[in-house]
Amino acid sequence: MCGIFGIIGKEPVADVILQGLQLLQPRGQDAAGIFTYEPSTNEEFLYKEHGLVNQVFRSDNFKIPEASWGVG
């Protein structure tokens, strides 16, 4: 099983998506990923890796670009 969490807004969404993925963690423990998109600059960002959410997105070595759209 897995869970999907997405937001389309006007404010940066990366932190909220990470919180949503942590809440969904019990649904799947094989891998985690985040895709973000900023329509004003047309910039995309994708990161995915095997492991738990807190292992994949460690705050000491990882920064998600600010964007107003995203899915995890």
Side-chain angles (χ1 to χ4, degrees):
M1 274 216 136
C2 66
I4 298 173
F5 187 87
I7 300 173
I8 295 177
K10 295 182 180 181
E11 302 293 322
V13 298
D15 289 336
V16 178
I17 291 174
L18 274 176
Q19 292 173 10
L21 289 177
Q22 289 170 343
L23 292 172
L24 290 172
Q25 184 68 72
R27 293 185 128 330
Q29 298 184 5
D30 292 335
I34 287 182
F35 172 80
T36 59
Y37 175 70
E38 179 51 53
S40 65
T41 60
N42 204 30
E43 291 184 35
E44 298 176 354
F45 171 80
L46 173 64
Y47 185 79
K48 57 185 178 177
E49 191 69 46
H50 291 282
L52 300 173
V53 172
N54 62 353
Q55 295 169 333
V56 173
F57 302 108
R58 293 192 341 248
S59 61
D60 61 335
N61 70 349
F62 187 76
K63 177 72 174 141
I64 301 169
E66 296 295 344
S68 58
W69 297 10
V71 65

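What you see is a predicted model, and the numbers here were worked out from it, not measured in a lab.
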Any chain of hydrophobic side-chain contacts (each under 4.5 Å) joining [X] to [Y]?
X   : Y   : answer
F57 : F35 : no
L24 : Y47 : yes
F45 : I7  : yes
V71 : V53 : no
W69 : V16 : no

If I take atom [atom1] from residue [X] and atom [atom2] from residue [Y], how far apart are they, to the nearest 0.5 angstrom?
X   : Y   : atom1 : atom2 : answer
D15 : E66 : CG    : CD    : 6.5 Å
L18 : L23 : CG    : CG    : 11.0 Å
I8  : K10 : CD1   : NZ    : 12.5 Å

Contact summary for [X] and [Y], nearest pair of heavy atoms:
X   : Y   : value
G70 : V13 : N-CG2, 3.8 Å
A32 : V56 : O-CG1, 4.0 Å
E38 : S68 : OE1-N, 2.9 Å
T36 : A67 : CB-CB, 3.7 Å

